[in-house]
Engineer: 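Here it is, the structure, as structure tokens.
Order of the sequence lines fixes the chain letters, A, B, ..., with proteins taken first and strands second; residue numbering starts at 1 for each chain.
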Number of protein chains: 2
Amino acid sequence: MVRKHSAADQPLRLDNQICFAVYSAAHAFNRVYKPLLDRLGLTYPQYLVMLVLWEQDDVPVKDIGEKLFLDSGTLTPLLKRLEAAHLVRRTRSSEDERQVLIALTAQGHALKDKARSVPQSILAASDCSVSELVGMKNEIVALRDRLNAVIGE
Amino acid sequence: MVRKHSAADQPLRLDNQICFAVYSAAHAFNRVYKPLLDRLGLTYPQYLVMLVLWEQDDVPVKDIGEKLFLDSGTLTPLLKRLEAAHLVRRTRSSEDERQVLIALTAQGHALKDKARSVPQSILAASDCSVSELVGMKNEIVALRDRLNAVIGE
DNA sequence: GCACATTCAATTGCGAACAATTAAATGTGA
DNA sequence: TCACATTTAATTGTTCGCAATTGAATGTGC
């Protein structure tokens, strides 16, 4: 009997992999965000950095990295582009000159108002109730945190 | 009364965004996969392409792109790297010379056996039951498909 | 005070990811 | 048949994402 797909192959099937579900959902989100963020002049990772700064201004690069799980190799050039767009300022901390503090400019602050409609548009595109989304979000965050815990070992 | 964080700011809070949960979970998966895939000489996107080919060999670039939601701008250089690693062959279809067919080499086929332990390791890192993961996966896939449906409009 | 380790950002190099364009092959309608 | 549109990969340019390294600033143990 010829079996093209044996039972042992099931774990390797693309459709069975949660990682691919997450990977492809991240790209789908990115494609939905693109036209919305184009109007703000931001990419999605830049938008995430702005979300951090709109919550807390004048923070070290390291803090942004810890919140977004990104390192300086990603953030340094990204922050330079935000600086070139006059949305943030980069200044060395006087207390600890190793740190670079990121602060919003007036333009950076002002952009927050234009960004308020974004989450609403994403919610609409999700075609899903808020409570369902909150439930999924909590599950995914819990999974992410368990994965990150393994990496630190 | 000075309110640093108004109720109107809640939708813009990083921790409230499912997209960031998905985005950061995707990166967490990637970091867990990295040491496992290093032993196979693959990156995560290359691994996804190999998963497709292990299910169905000798497929056009376009079919791989549709399954993985990737375009030729991403796949062409990736497939050239897999070809340089002697895992796949790229040949023009004789029936339709616009198509490039991707076929596994003997090495590419053989790598499947070495890859069988990967899903098990990921499951362990997830620290989660299979049924929970399947449930989450189905929810995420449904969300992804709704997002992709919006893009097509 | 001084060697030493640690912290932090920047840099380099490589591999995605995608928009936009190009070019060749194929399909279609008059 | 022949003009025209469509399909398919490849290419170019920009932006992430991360590993590895560098260099300056800071902390520490003796």
Side-chain angles (χ1 to χ4, degrees), chain A residues 19-20 23-35 37-38 41-50 59-66 68-85 88 90-102 148 151, chain B residues 19-20 23-35 37-38 40-50 59-66 68-85 87-88 90-102 148 151:
Chain A
C19 60
F20 176 63
Y23 169 90
S24 54
H27 290 316
F29 266 119
N30 195 44
R31 285 189 282 267
V32 173
Y33 267 104
K34 181 112 195 359
L37 296 181
D38 278 350
L42 296 173
T43 65
Y44 180 68
Q46 290 169 5
Y47 172 69
L48 291 179
V49 169
M50 294 302 285
V59 289
V61 173
K62 184 172 203 303
D63 288 18
I64 298 175
E66 282 173 1
L68 300 182
F69 306 96
L70 297 172
D71 69 3
S72 67
T74 301
L75 288 175
T76 296
L78 187 156
L79 290 166
K80 285 184 178 175
R81 282 187 283 271
L82 288 180
E83 188 180 39
V88 306
R90 300 161 64 248
T91 55
R92 289 268 160 199
S93 164
S94 52
E95 289 136 41
D96 185 341
E97 299 235 336
R98 292 170 302 182
Q99 293 187 349
V100 170
L101 298 177
I102 308 299
N148 278 332
I151 296 163
Chain B
C19 61
F20 176 63
Y23 169 91
S24 54
H27 290 318
F29 266 119
N30 195 44
R31 285 189 283 266
V32 173
Y33 268 104
K34 180 110 192 6
L37 295 181
D38 277 350
L40 306 183
L42 296 173
T43 65
Y44 180 68
Q46 290 169 6
Y47 173 69
L48 291 180
V49 169
M50 294 302 285
V59 289
V61 173
K62 184 173 203 301
D63 288 18
I64 298 175
E66 281 174 1
L68 300 181
F69 306 97
L70 297 173
D71 69 2
S72 68
T74 301
L75 288 175
T76 296
L78 187 157
L79 291 166
K80 284 183 177 175
R81 283 187 283 271
L82 288 180
E83 187 180 40
L87 295 173
V88 306
R90 299 162 62 249
T91 55
R92 288 272 161 197
S93 165
S94 52
E95 289 136 42
D96 185 342
E97 298 236 335
R98 292 170 302 183
Q99 294 187 349
V100 169
L101 298 177
I102 308 299
N148 278 332
I151 297 164

Engineer: Between atom CZ in B:F29 and atom C1' in D:dC18, what is the gap in whole Å?
Structural biologist: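 So the CZ-C1' distance, B:F29 to D:dC18, works out to 19 Å.
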Engineer: Locate the shortest heavy-atom distance separating B:S72 from B:P77; write the atom from each residue and the value.
Structural biologist: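 Scanning both residues, the minimum pair turns out to be O-CD, 3.9 Å.
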Engineer: Identify, between A:R90 and A:R31, the residue whose nearest nucleotide on DNA chain C lies closer to the 5' end.
Structural biologist: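 Closer to the 5' end of DNA chain C: A:R90.
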Engineer: For the backbone of B:E97 and the side chain of B:R92, can you confirm whether one donor and one acceptor N or O come within less than 3.5 Å of each other?
Structural biologist: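 Answer holds: yes.
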Engineer: Which nucleotide of DNA chain C is the first, and which the last, in the 5' to 3' direction, to come under 4.0 Å of a heavy atom belonging to chain B?
Structural biologist: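 That gives a stretch of C:dG15 to C:dT26.
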Engineer: Which nucleotide sits closest to the side chain of B:R98: D:dA9, D:dC16, D:dT7?
Structural biologist: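 My answer, after comparing the listed nucleotides, is D:dT7.
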Engineer: Taking the nucleotide of DNA chain D with the nearest heavy atom to each, does A:E95 or A:P45 sit closer to the 5' end?
Structural biologist: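 Counting from the 5' end, the first nearest nucleotide belongs to A:P45.
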Engineer: Would a distance-only check, ignoring hydrogens and angles, find a side-chain to backbone donor-acceptor pair under 3.5 Å from B:S93 to B:D96?
Structural biologist: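 Yes: the side chain of B:S93 pairs with the backbone of B:D96.
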Engineer: A:L82 vs A:M50, test: side-chain contact (heavy atoms from CB on, under 4.5 Å). Steps then yes/no.
Structural biologist: CA-CA 9 Å; A:L82 288 180; A:M50 294 302 285; 4.2 Å; yes
Engineer: Does A:T43 reach a base, just sugar-phosphate, or nothing at all? Heavy atoms under 4.0 Å.
Structural biologist: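 Counting heavy atoms under 4.0 Å across all strands, the contact made by A:T43 is with sugar-phosphate only.
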Engineer: Between D:dC16 atom P and A:L68 atom CG, what is the distance in whole Å?
Structural biologist: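 Result: 12 Å.
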Engineer: Using a 3.5 Å cut-off on both pairing distances, which stems of three or more Watson-Crick or G-U pairs include DNA chain C?
Structural biologist: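 Counting only runs of 3 or more consecutive pairs, the stems involving DNA chain C are C:1-30 with D:1-30.
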Engineer: B:K34 NZ to D:dC18 C1': how many Å, rounded?
Structural biologist: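 About 8 Å, once rounded to whole Å.
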Engineer: Go through it in stages, so that I can follow the logic: the residues are A:T76 and A:V100, the test is side-chain contact (heavy atoms from CB on, under 4.5 Å), and I'd like the CA-CA distance, side-chain angles, deciding distance and then a yes or no.
Structural biologist: CA-CA 10 Å; A:T76 296; A:V100 170; over 6 Å; no
Engineer: Without decimals, in angstroms, what is the distance between A:E97 CD and D:dG23 P?
Structural biologist: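 Between P of D:dG23 and CD of A:E97: 19 Å.
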Engineer: When you check the phosphate oxygens OP1 and OP2 of D:dT11, does a side-chain N or O of B:T76 lie under 4.0 Å from one of them?
Structural biologist: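 No, B:T76 has no side-chain N/O under 4.0 Å of OP1/OP2 on D:dT11.
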Engineer: Starting at atom CZ of B:F20, determine the distance to atom C1' of D:dC16, rounded to an integer number of angstrom.
Structural biologist: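 B:F20 atom CZ is separated from D:dC16 atom C1' by 15 Å.
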Engineer: Could you grab the distance from atom CG of A:L70 to atom CG of A:L78, nearest 0.5 Å is fine?
Structural biologist: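 A:L70 CG to A:L78 CG: 8.0 Å, rounded to 0.5 Å.
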Engineer: Measure from the side chain of B:K80, starting at C-beta and using heavy atoms only, and say which of D:dA10, D:dC18, D:dA9 lies closest.
Structural biologist: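 Comparing D:dA10, D:dC18, D:dA9 against the side chain of B:K80, the answer is D:dA10.
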Engineer: I want to confirm an ordering. Mapping A:G73 and A:E66 to their closest nucleotides on DNA chain C, which one lands closer to the 5' end?
Structural biologist: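 By nearest-heavy-atom nucleotide position, the 5'-most residue is A:E66.
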Engineer: So what does A:L70 hit on the nucleic acid, given a heavy-atom distance under 4.0 Å: a base, only sugar-phosphate, or nothing?
Structural biologist: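 Since only primed, P, OP1 and OP2 atoms lie under 4.0 Å of A:L70, the category is sugar-phosphate.
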Engineer: What is the distance, to the nearest angstrom, from the CG atom on B:L79 to the P atom on D:dA10?
Structural biologist: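 Answer to the nearest Å: 8 Å.
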Engineer: Do the ring centers of A:Y23 and B:Y44 come within less than 6.0 Å of each other?
Structural biologist: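 Under 6.0 Å, so yes.
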Engineer: Determine whether a donor-acceptor pair (N or O, by modelled atom type, separation under 3.5 Å) exists between the side chain of B:D71 and the backbone of B:T74.
Structural biologist: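 Yes; at least one donor-acceptor contact below 3.5 Å.
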Engineer: D:dC16, OP1 or OP2 - any side-chain N/O from A:R81 closer than 4.0 Å?
Structural biologist: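 So the side chain of A:R81 is within the cut-off, an N or O lying under 4.0 Å from OP1 or OP2 of D:dC16.
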Engineer: With nearest nucleotides of DNA chain D determined for B:L101 and A:P77 from heavy-atom distances, which residue corresponds to the more 5′ nucleotide?
Structural biologist: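 Nearer the 5' end of the strand: B:L101.
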Engineer: Over how many whole Å does the gap from B:H27 atom NE2 to D:dG17 atom C1' extend?
Structural biologist: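 The distance from NE2 of B:H27 to C1' of D:dG17 comes to 7 Å, rounded to the nearest Å.
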Engineer: Are any non-hydrogen side-chain atoms of B:L87 and B:L42 less than 4.5 angstrom apart?
Structural biologist: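 Result yes, sub-4.5 Å side-chain heavy-atom pair found.
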Engineer: Round to the nearest Å and state the distance from A:R92 atom CZ to D:dA24 atom P.
Structural biologist: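 Interatomic distance, CZ of A:R92 to P of D:dA24: 11 Å.
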Engineer: Say whether, by atom type as modelled, one donor and one acceptor occur between the side chain of B:Q46 and the main chain of B:T43 under 3.5 angstrom.
Structural biologist: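 A pair under 3.5 Å: yes.
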